Each structure stands twice: as C-alpha cells, then as structure tokens.
Colleague: 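I am attaching a structure below and will ask some questions about it afterwards.
Chain naming here is simple, since letters A, B, ... match the order of the sequence lines and numbering starts at 1 in each. What you are looking at is a predicted structure, and each value in this text was computed from that prediction instead of being measured.
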Amino acid sequence: MPDYNPQEIEKKWQRKWEEEKIFEAPDSSKKPKFFVLDMFPYPSGDGLHVGHPRGYIGTDVIAHYMRMKGYNVLHPMGWDAFGLPAENYAIKTGIRPAISTEKNIKRFKEQMQMLGLSYDWSREINTTEPGYYKWTQWIFLKLFERGLAYRRKMPINWCPSCKTGLANEEVVAGKCERCGAETGKKDIEQWVLKITDYAEKLLKGLGGLDWPEKIKEMQRNWIGKSEGADIMFQIQNPKSKAQNQKTRDNNFIKVFTTRPDTIFGATFMVLAPEHELVEKIVAPEQFDEVRKYQEETKNKSDIDRQLGNKEKTGVFTGAYAINPANQKEIPVYIADYVLPNYGYGAIMAVPAHDERDFAFAKKYNLAIEEVELDKTVEQATKWLEKKGCAKSAVNYKLRDWIFSRQRYWGEPIPLVFCEKCRKEIEKGNYKKGEFNKGELLNPGWIALPEKDLPLTLPELEKYEPTGTGESPLAQEKRWTETICPKCGGRALRETNTMPQWAGSCWYFLAYVMLGAQNKKAKSKKLNSKFKIQNSKLIKHWLPVDFYVGGAEHAVLHLLYSRFWIKALYDAKIIDFDEPFKKLRTIGLILAPDGQKMSKSRGNVINPDDIVKEYGADTFRIYEMFMGPFDQPIAWDPKGISGAKRFLDKVWRMEVSGTDNLLTDKIVKKVTEDIEAGKFNTAVAAMMEFVNSASKGIGKKNLEIFLRILAPFAPHVSEELWQKLGHRKSIFCEKWPAYNQKLIKEQDLSLIIQINGKVRGIIVVPAGLSENEAVNLATESESVKKWLKNKNIQKTIFVKDRLINFVV
RNA sequence: GCCGGGGUGGUGAAACUGGCAAACACGAUGGAUUCAAAAUCCAUUGCCCGCAAGGGCUUGAGGGUUCAACUCCCUCCCCCGGCACCA
C-alpha cells in the first residue's frame, strides 16, 4: 500500500458526506434523540487558532459515537456574531459590520469543514440575521411583559474604552472583560433584567445538573446566598441641639446581618456613604465633613474602593441609633467599606466578632464589647422578632443584569417611548389589560407588537459611540422617530442595543426551529412562521444533552442562559427549565511558549498549516491525545508527529488471515473512555492496540478497530473501511459490542508479593482459586528464595490480582 | 482571606473501588537499512549501588491507618483558576 496521503482522501470524503447528508438530523425518527452542542463562536477576523477546535473535536467524537450507538444526533453549529470587534473594525475601515461578519463566518466555516467536523450545516444560524434576532427581541418582550425588565437611572460600570455600560459579570477585577480597560461609574438610564428574581431558582437548579463542580461552585459564589435577619435600629434624638432634629425622629436604619446572635456586641452602625438616610440624619456640625467624605467616595474608582488600600476610613454623622437588644445608644458612621448595593447598604457593627468592624473600631476608638453568646442564630432571630424589630431574611450577592449597551452592533430593543401613554398611565387613565405588566412598571415604554418584529437595525454612516451614554442609533432620526403602537401618537424608539449575551441565551432553540423550516421552505434563514410556544419539536430535542465550551462563561453565558430558560419556562412557553443537562469544559490550548495564544504575542498556531502538513485526522488525534480534555496544555509542535506515526501505522496494517487478536478489551476501553470524556486514554489504548497488531490482523478485527477509530479519525477510517470492500459509510455502521465474559476469561498476570513487595509474577488463567494460587506461587523460583527459612504468618489473596505473603 | 482544582521521569501524561507506579506519546542515546538523508524498523531510557546476577530508593514535605497508599486520614509547603471589605 502506498503512503497515506491525507490531502487525497480528506476532501473526497468531506464532499461525499455532505452530498449524502449523513450527518443531518431528521426531525422525526424512531431513534432516541441526542443533542450535543458546542458553544458557538464569535467569528473574529483572526480565524480559528489550534485552541478552538479542541472542544469541537471532542463533541464530534461524541456525536459520531452516539450516532453509531443508534441515536438521532443533533450536532449543529452557528455564529454568535454581534459584538464589539466588528463594530470597531467598521469605525476604523468604514466596512459595515454585516459585511465583515459575513466574511469572517465564511472563513470560520471553511476551517471547521477542513477538520471534517460532522455538523448538520443545514441548521446553521447567525445571531445577526433579522430572522434570528426577531426571536431574541420576541423573548425580550416576553420578559418585559412579565415585569422582568425595568428601566432605571443608576450608576453602572462604564468602560471608557468601549464607551458602553457593562453588567457586573463583565467586570473582572475592576477591568472590562473585553478590552481590559479599568472601568468607572456612570449614571445612565438603563434597561435592567431582574435576574435576582431567579436567584433562588438558579441556585437550586444547580443541584440536578451534571456540570463540573468548579462551574457550579462559581455560580453558587456569584449568586452568593446568605441567611440571617433584617433588623431595624431606631435613630435617636442626638444630644446636640440640632436644627433638623424633627426629621431625624422616626427614622430607622434597616440592616441585614448573618449574625443576629451577636447583636449585644453591636456598638456602632455604619452606612454606605451613598445611603439615602445620610442626608436626613446628619447633624449640622458634621455636615461638611460628611459631604466631603461622600465626594471622595464618589471619585474613587472600583479598583481603589474594592481592591486597593483596605485601610478603613469613615466619618461620624453626628447621629445615634438605639440597639434594640439592650437599648444602648450607639453612634452612626458612614464608611466606604460598607457597600451601597448589598443588603441595605447599612450594617450593625460588631467589632468583637468581625474583623472589618474591629479594624474600624480600633481606628476611631469605638467601643469593642465582648459578648457571651447565649443564643443560636435562630433563637436570636426569634427573640428579636418577638420584640418586633427583626425578621429572618435572605440576601444574595447577585445583582440585576444591566442589559442595555450604548453601541451599534447589537439587537435593537423593541420598545418605544410614548409621552402620551406615560401620562395616561400615571393618571391611571386606562382600561384593565390595555397595558402589560412591563408597560405599567415602566410608564411610557411601550412594547412593539409581535407583527412588527423584527425591528431591524438600520445601516448607519457613522458607528462611532458617542461616549455620552447615548447610542450611535440616536443620530438616525428617521429610525428613532416613530408612532406609538398603542395610541398612534408620536413616539421615540429605544436606541440602546442588547448586550453580546442576548443572542446566545436561546440559540440552541434556533437550531431546532431552523431545522423545521428548512424542510418546508428550503430556507436557510429563520423566519416568523415557527412558534416557540409549546413547540413539539423543541419539546422533542431539548434540553441539550451534552454541552461543551470554555469555563470563562461560568457566570456569563451559562448563567444568563439558565435565567432566560427559567423565565420562558415560567411563562409556559417551553417545558424544561434547565438548558444544559451535562456540561464539560475545555482546557485552553496555550502556545508552545506556555503563554496564551494571541496575535500581539505572535505565537499563534494556525490549524490550516497543521492540516496542510499532517492532515485533519492527525490534527484531531493529536488534540484528543495531548492531555486531559478539561486541562490547559501547551501546543507541542513535535508532539503531533506521534499522532501522524500512529495513523501511518494504521494505514499499513496488514490483513492476515486469522482473527486471533481479541478486540473485546480495546472496544470496552474506548467505549468507556468516550463515555467518560477521557479521549486521551482512548487514543493511547488504540495506539497500544495497533502496536500489538503490527504483525497482522484479521479482517473482522480490523473492521471492529476501524469503527472505534472512526469518531477520532473519520477520513482514514472511512477510506480503509471502503478499501475493505464496503459501500456504505462507516458512520452508518453500528458501534461494536464487546463481551465482558471473554475479557474475564483471558489469562492474566498474578502478582506475588512478600510483605507487600513484588517478588514475582506468574501468568495464570482467570478465576484461579486461592489454594491453586498459593501452590503456584510457592513453587515459583523467584519466590522460593524469599520464603526460605521463613514462616508464612498470613496470606492475602485478591482474586485475579495478587497474592501477598506476610512472613 | 474564602472557595475550587492540582503537585508523579528530561517533557505531555497514565494508574479501575487501596492491589505490578511511570501505560501511551514526545525527546534522547545506540544500532539496522541507505551512496547519503528523510522515512521506517530494533534496542535502551525514573534515580542510586553493582562487572554482573541482583539489590535498594522513588508519586511536593513530614507523620498516621493498612498485609498493601499516587489513591484514605492529620499537619505543612508550593502552583493554577475563581471570588474578594458581601455584613
């Protein structure tokens, strides 16, 4: 047989598989369904580097395996194409985002097809197509209708470089997740999604998911549930003769604490400088100092406040509160170590039990009272509840999701603002049912009716973000000025767009929707016909059975998507409330220098080059073999030759008459390893098998081997399969079975130990009894000398494994 | 600081439920083949002692449980990832 030439066979089979549509998933089938999904990529201008396909190859192995196991496998791919780079590119070059995006997608797709990935391309989706984002908008309106979207002016994270607001999840250590610029605060009107309404459900739901513990833990920490009590502290008339004494009366400070049992040790209180009560309670003589401190806090960046110098600072307000447990008068301070947006932005300070309070008390010479804790948390809560000043409570760190972006290249938010409707709502001048819950919650904001969707993104001359907090869309008057769908009056469109994450919250539904439409209309784009609500197809295919992607999405996409799905479930639009049953994360592939691959470092390895030199199968084998799937690993330019040698050996395997090699063991190993996602050891086992078969292999055994190799190296396997005289694709074959009994019946090595040290090995038939084993062992030459002049005190026998003599 | 995951040859790593530590591969060394090279094939390749037969040691460190520990328990060190003044 001539040498194995990947260039000759790979293109051929890729074309053939496409023509015969063998990887397309029919919507109706008697087979059980299996939905295996990759996190779809953002098609950047740089194309794929060798790191991206690692996950795609892993899911491809699973997809092939499950198809051969008899499942109807849905394995689609698409493009998460809204986002800043395309827009920034447009600003620089004037090339419209839609154009550059299309070009990038073409390149990504070519690269994926070059690797022979078995996607059902008839279901390819693109989040930036109007037919797609119609549904993103539709789902947004469902959330809006349910009162899960509200508009609010609030200080939010602001990236000065991207010139847009960001969600908390997008700020990593005080820096913009995307560009790395230090973020600040900006007061702008925002659409915010009430993800906090789902805090408990998002937390509980984790329990039933087969996800890496690490990711679940990250979500748990992000949600950050604490149980404790809300306690009210009454403001006391201060001893000074303040002018604003009256307004200070009857004011309460509400705090949340996880340790109500320590209340006797509460010797002062601290409000966040931003707390609204500060203005009301501040004593005139403290006014200037308090104002000054508030200004300082405002000017502090997130980094300074949270990560920087943790030296405590603060200012006395001049006011006092009454500790409801012991009626003691305690001073009220403001300090920036109390955060405005957790709990109530106020704490009871217990310096004897809290490090931060202790540091503050030390610095400002405040009382530190040791207390005997005579009550449990529960008892203390009950006791305070009886006194009427507390209530057990739960708090979450999770904040609502800031959802609007002051940028162009995103889904338009399908709402208009109508001044007339606002007035009617505020006057209460409307019929029941005339406005939905979202419209009543946000007076003047009116939802577009479904028939007006999609609200398409207009083309612009200039994409430059304004930096003022206004979206570039605001300049396009012909687009923003419109008519209110409720009253027919003049209205203005919302000009902010949705964040990058919106389109990916539901995209796994889109593959199913598009599949259904393809069949009927031969359309390659989503349209309005499909009804998500109670769709039988969505019921059939969802949830996703196996999901693979990067761990960096732990508290972004993976959290947001769960939120949307839970909200759609509650709206009775879908019948499942978790999108991804099983999740596995991929370890990053680093450059040979151990650094992250990046254009600026100049250390990127391009898969095109690798495929050109070694072929797609070698590339696939190497990526699966190089190390555990979920661990980061550096690309080793030399390592790939091992994968190539392996496939060369497979190619050279000679069919020689008898089937004397037993394949049960290798089939079992590869089957179990695929199921466990241990692709590296599956490949290792196949290498071992091929080494042992180098002197020849029977035809039947070769056929079995090719079938287990096929998911990893589809082209070579298919080529050799057809060379053996088969007409149908190897992927239409069944996954080989193995016989557990035959594996057990083989001869095996029995270890002989003396005092726990290995002193000999004997080959014995399986199932040997203890007596037989002892006889064989004591007769063995290598063992005899160790037993000479020794008494065997104890014999430990582990069947088919070892025998240990204690002497 | 808290949470999660790790630490095994020159390198990437493997080891089921406690049962031969280092499978598989890269690299290296020697040999065969070749005019030569590539490719291929064979051998060696954890460390130490020994001419050898053979023996001893070895999974971050120290201790423990056990006939037997990479695996379980305790103490400590280091690395990676996440969160971080969350009351």
Colleague: So, A:T297 versus A:D336: side-chain donor-acceptor pair below 3.5 Å or not?
Modeller: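 Note: A:T297 and A:D336 side chains miss the donor-acceptor criterion.
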
Colleague: Rounding to an integer number of Å, can you tell me how far A:Q753 CD sits from B:C67 P?
Modeller: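 In whole Å, B:C67 P and A:Q753 CD are 13 Å from each other.
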
Colleague: Return the pairing partner of B:A68 with a 3.5 Å limit on both distances, Watson-Crick or G-U wobble; otherwise return none.
Modeller: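 Because no pair has both required distances under 3.5 Å, B:A68 counts as unpaired.
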
Colleague: Kindly check if the number of other-residue, nucleotide or ligand heavy atoms within 6.0 Å of NZ (A:K225) is above 12?
Modeller: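 Enclosed: over 12 neighbouring heavy atoms sit under 6.0 Å from NZ of A:K225.
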
Colleague: Could you work out the separation of B:C41 and B:C24 based on their P atoms and round it to a whole Å?
Modeller: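 That atom pair is separated by 15 Å.
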
Colleague: Quickly work out the A:R759 CZ to B:G55 C1' distance and round it to whole Å.
Modeller: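 The distance from CZ of A:R759 to C1' of B:G55 comes to 8 Å, rounded to the nearest Å.
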
Colleague: Atom CD1 of A:I803 to atom P of B:C67: distance rounded to whole Å?
Modeller: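 Whole-Å distance recorded here is 17 Å.
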
Colleague: Identify, between A:N395 and A:V172, the residue whose nearest nucleotide on RNA chain B lies closer to the 5' end.
Modeller: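 It is A:V172, whose closest nucleotide lies nearer the 5' terminus.
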
Colleague: How is A:V270 classified with respect to the nucleic acid when contacts are heavy atoms under 4.0 Å: base, sugar-phosphate, or nothing?
Modeller: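 Here A:V270 touches no strand at all.
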
Colleague: Given atom CG of A:L802 and atom C1' of B:C67, what is their separation to the nearest angstrom?
Modeller: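 These atoms are roughly 10 Å apart.
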
Colleague: Taking only the side-chain nitrogens and oxygens of A:R645, find out if one of them lies under 4.0 Å from OP1 or OP2 of B:C26.
Modeller: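 For B:C26, OP1 or OP2 has a side-chain N or O of A:R645 closer than 4.0 Å.
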
Colleague: How long is the line joining CD of A:E552 and C1' of B:C80, in whole Å?
Modeller: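 Answer to the nearest Å: 16 Å.
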
Colleague: So what does A:D357 touch, heavy atoms closer than 4.0 Å: a base, only the sugar-phosphate, or nothing?
Modeller: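 Answer is nothing: A:D357 stays at 4.0 Å or more from every strand.
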
Colleague: Below the 4.0 Å mark, does B:A13 have OP1 or OP2 next to a side-chain nitrogen or oxygen of A:T681?
Modeller: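 Answer is no, no contact under 4.0 Å.
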
Colleague: Find the distance A:F625:CZ to B:C26:C1' and express it as a whole number of Å.
Modeller: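 Value for this atom pair: 8 Å.
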
Colleague: Just the rounded figure in Å: distance from P of B:A25 to CZ of A:F689.
Modeller: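 In whole Å, B:A25 P and A:F689 CZ are 14 Å from each other.
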
Colleague: Checking A:K375 against A:W383: charged group under 6.0 Å from the ring centre and within 45 degrees of the axis?
Modeller: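 A:K375 over A:W383 ring: yes.
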
Colleague: Let me know the distance between CD1 of A:I589 and P of B:A13, rounded to the nearest Å.
Modeller: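 Taking CD1 of A:I589 and P of B:A13, I get 12 Å after rounding.
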
Colleague: Over all strands shown, is A:K678 touching base, sugar-phosphate only, or nothing at heavy-atom distances under 4.0 angstrom?
Modeller: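 Sugar-phosphate contact only - A:K678 comes under 4.0 Å of backbone atoms but never of a base.
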
Colleague: Counting only heavy atoms from other residues, nucleotides and ligands, does the tally under 6.0 Å from NZ of A:K363 exceed 12?
Modeller: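 Yes, because the 6.0 Å sphere around NZ of A:K363 holds more than 12 heavy atoms from other groups.
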
Colleague: Would one find more than 12 heavy atoms of other residues, nucleotides or ligands at under 6.0 Å from atom CD of A:E213?
Modeller: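 Buried by this count: over 12 neighbours within 6.0 Å.
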
